[in-house]
Q: 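My questions will all concern the structure given below.
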Amino acid sequence: MNSQFPDDELVKIWAADAAPVRETHEEVMALVTKRQKTFEKKIRVRDWREIVAAAIVGVFFLWAAAHSENLLQRVGNGIIVVGSVWIIYYLRTHRFHHIPSDPTLDIRSYTRQLFNEYEKQIRLLKQVKYWYLLPLYLGLMVGWAGSFRRQAQAGLMGPVLSAAFITGLFGAIWWLNEVWAARRVSAERDRMRALLSESDETKER
Amino acid sequence: MVLFETDQVGPDTEQKETFLDLVDRYGRALRRLTQVYVQSAADQQDLFQEILLAIWTALPRFRRESSERTWLYRIGHNVALTHVIKIRQKASRELPQDEQVFAVPAKDNLETGLIDRQNRRRLIEAIRVLPSLDQQILMLHLEGLSYAEMEEVTGLSSSNVGVRLTRARRRLSEWMQKVEVKI
């Protein structure tokens with residue numbers, strides 16, 4: 001360090017005037033406990049939200065399959081039921097078995113762990129069309145085909161519009177996951193990559 | 001609200017005592033760390049609490065294979081890294097700096113206190129413009145960690161830490177000369 005800013009002066013400036021820990025021991029413990037409860041609740045809600053939604057869809061279409069007018073509709077509803085079970089299985093396997101990054105690791109290892117985590121998230125988002133959208137879309141379209149004759153009696157516009165609506169909705173969900181969300185996660189993954197290469201760069205010097 | 005029974009003896013009580021002892025000894029250092037990573041007092045408090053939670057959660061797994069100081073700084077920096085990502089994703093960063101960040105000096109030390117505050121603010125600004133890894137190494141250096149300890153926290157070798165630190169100190173010095181810090 002040059003003569004104007006000797007290290008000990010910098011250390012003094014750094015250590016001076018920092019706000020002390022204002023909370024009492026009881027307050028610190030109350031904060032930690034409250035935060036821990038909130039965190040655990042958030043994780044529980046996140047983990048169960050989509051599973052409950054998939055279960056409701058599954059039960060509804062199971063009922064619909066039992067009351068279907070024809071075989072094609074029954075097959076379509078059945079595909080959705082199987083699809084819902086598959087989605088629950090997939091979410092449980094990929095999310096519940098997820099091990100969060102360990103903050104007690106050194107910064108470099110932690111950054112690598114975050115990088116791998118983002119890579120995994122991107123892979124999952126890019127595959128949404130296969131594990132999430134395809135089974136449901138396929139089931140709905142087979143069911144649609146089953147009810148086509150009845151719907152078409154009142155004109156072709158009705159069935160065409162309903163098929164277009166389903167396709168549009170699934171297209172939007174696909175875009176939100178594979179393009180919009182994946183782009184956001186990719187930006188963070190790239191930041192982690194930059195941090196990692198920053199430390200690699202020093203190693204090479 | 002009763003969180004822990006005072007007469008309770010067992011792992012929870014021991015964990016609580018160790019935890020509070022760590023907060024007493026390293027709380028200020030962890031607060032300093034939050035001031036570099038996030039700007040507003042609310043974000044700093046939020047990050048500080050998140051670090052405390054991470055320490056509390058990790059404490060039962062602490063095997064004393066590393067010193068408690070390096071262990072704490074690892075948690076502090078790693079949690080801050082994730083916290084900054086969350087803030088960025090919420091796009092709620094860069095709020096105006098809050099006075100709470102810097103404690104108000106006592107009346108008789110007002111002038112010295114104001115210079116201290118100004119210098120400290122400038123130092124923090126100077127650290128913020130450094131690349132992320134340099135920021136971390138410089139903060140660890142200012143907290144008085146040795147090269148070996150910095151190596152433990154960052155995962156870089158001592159020589160790499162040395163290269164980074166020299167460069168960061170040079171940049172910091174240039175920047176502080178530019179803004180005319182009074183010492």
Side-chain angles (χ1 to χ4, degrees), chain A residues 1-7 9-26 28-36 38-39 100-114 117-118 184-185 187-188 191-192 194-196 198-205, chain B residues 1 3-4 16 19-20 23-24 27-28 31-32 35 49-50 52-54 56-58 61-62 71 74-75 77-79 81-82 85 88-89 100-103 105 113 116-117 119-120 123 131-133 136 139 141-144 152-157 160 163-164 169 172-173 176-177 181 183:
Chain A
M1 188 110 301
N2 71 19
S3 56
Q4 198 178 354
F5 298 109
D7 249 13
E9 285 299 336
L10 279 178
V11 171
K12 230 188 273 174
I13 296 173
W14 173 248
D17 203 29
V21 176
R22 295 179 293 271
E23 297 84 2
T24 62
H25 281 178
E26 286 69 29
V28 168
M29 287 317 306
L31 280 174
V32 168
T33 312
K34 190 180 165 197
R35 216 171 166 104
Q36 188 172 23
T38 313
F39 176 75
S101 303
D102 178 7
T104 64
L105 291 173
D106 64 71
I107 296 171
R108 193 179 149 70
S109 308
Y110 184 77
T111 309
R112 179 155 298 283
Q113 225 179 44
L114 282 181
E117 184 67 25
Y118 286 131
R184 277 172 61 124
V185 181
E188 291 306 335
R191 282 195 185 96
M192 292 306 119
L195 284 178
L196 285 169
E198 201 187 310
S199 52
D200 285 341
E201 198 184 297
T202 334
K203 271 187 174 171
E204 285 160 15
R205 284 170 198 222
Chain B
M1 179 171 52
L3 298 166
F4 294 90
K16 185 187 164 192
F19 172 71
L20 290 171
V23 174
D24 283 343
R28 288 175 81 108
R31 276 212 193 274
R32 285 195 284 269
Q35 288 168 7
Q49 287 180 16
E50 216 163 293
L52 292 187
L53 176 60
W56 172 255
T57 314
R61 290 182 284 124
F62 181 46
W71 182 79
R74 279 176 173 190
I75 295 178
H77 284 282
N78 287 333
V79 172
L81 185 68
T82 320
I85 293 170
R88 201 162 40 220
Q89 284 173 342
Q100 244 188 307
V101 176
F102 302 97
D116 280 352
R117 282 175 77 194
N119 284 345
R120 195 170 145 63
L123 176 61
S132 171
L133 202 53
Q136 290 156 350
M139 279 191 269
H141 171 68
L142 292 172
E143 289 295 344
E152 249 185 66
V153 177
T154 59
L156 297 176
S157 69
N160 294 332
V163 172
R164 288 245 154 218
R169 283 154 86 186
L172 183 71
S173 185
M176 294 206 46
Q177 279 180 51
V181 170
I183 57 171

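The chains referred to below are lettered A, B, ... by the order of the sequence lines, with proteins before strands, and numbering in each begins at 1. These figures come from a predicted structure and were not determined experimentally.
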Q: Checking heavy atoms, do the side chain of Gln36(A), its backbone, both or neither come under 4.5 Å from chain B?
A: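 Both parts, backbone and side chain.
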Q: Show the nearest heavy-atom pair for residues Ile107(A) and His77(B), with the distance to one decimal.
A: CD1-CB, 3.6 Å
Q: So for Phe19(B), is it side chain, backbone, both, or neither that comes closer than 4.5 Å to the heavy atoms of chain A?
A: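 Phe19(B) touches chain A through side-chain heavy atoms alone.
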Q: Quick check on Glu152(B) against chain A: is it the side chain, the backbone, both or neither that has a heavy atom closer than 4.5 Å?
A: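 Interface part for Glu152(B): backbone (N, CA, C, O).
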Q: Can you name the side-chain hydrogen bond (donor to acceptor under 3.5 Å, both in side chains) partners of Thr82(B), sequence neighbours left out?
A: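 By the side-chain hydrogen bond (donor to acceptor under 3.5 Å, both in side chains) rule, Thr82(B) matches Tyr110(A).
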Q: Is a side-chain N or O of Arg120(B) found less than 3.5 angstrom from the main chain of Trp14(A), in a donor-acceptor match?
A: yes
Q: Measuring from atom CD of Gln49(B) to atom OG1 of Thr38(A), what distance do you get when rounded to the nearest 0.5 angstrom?
A: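 Atom-to-atom, Gln49(B):CD and Thr38(A):OG1 are 10.0 Å apart.
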Q: I'd like to know whether CZ of Arg191(A) has more than 12 heavy-atom contacts from other residues, nucleotides or ligands below 6.0 angstrom.
A: yes
Q: Quick check: closest heavy atoms across Ser132(B) and Glu198(A), and the distance to 0.1 Å?
A: N-OE2, 4.1 Å
Q: How many angstroms lie between NZ in Lys16(B) and OG1 in Thr33(A), if you round to the nearest 0.5 Å?
A: 9.0 Å
Q: Which distance, rounded to the nearest 0.5 Å, do you find between the CG of Leu52(B) and the CE of Met29(A)?
A: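 Here the interatomic distance stands at 9.5 Å.
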Q: For Asn78(B) and Pro103(A), work out which heavy atoms get closest and say how close.
A: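 For Asn78(B) versus Pro103(A), the nearest heavy atoms are ND2-O, 2.9 Å.
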Q: Under a 4.5 Å heavy-atom cut-off, does chain A meet the side chain of Glu143(B), its backbone, both or neither?
A: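 Its backbone and side chain both get close to chain A.
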Q: Which residues satisfy the side-chain contact (heavy atoms from CB on, under 4.5 Å) test with Ala58(B), sequence neighbours excluded?
A: Thr104(A), Arg61(B), Trp71(B), Ile75(B)
Q: Kindly compute the distance separating CE (Met192(A)) from CG (Leu81(B)), expressed to the nearest 0.5 Å.
A: 4.5 Å
Q: With side-chain contact (heavy atoms from CB on, under 4.5 Å) as the test, would you mind laying out the steps for Leu105(A) and Arg74(B) before giving the verdict?
A: CA-CA 7 Å; Leu105(A) 291 173; Arg74(B) 279 176 173 190; 5.6 Å; no
Q: Roughly how far apart are Asn119(B) CG and Ile13(A) CD1, rounded to 0.5 Å?
A: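 One gets 4.5 Å once the value is rounded to the nearest 0.5 Å.
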Q: Under a 4.5 Å cut-off applied to non-hydrogen side-chain atoms, are Leu10(A) and Leu123(B) in contact?
A: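 They are in side-chain contact.
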Q: Select, from Thr57(B), Leu20(B), Leu53(B), the one with the greatest count of heavy-atom pairs under 4.5 Å involving chain A.
A: Leu20(B)
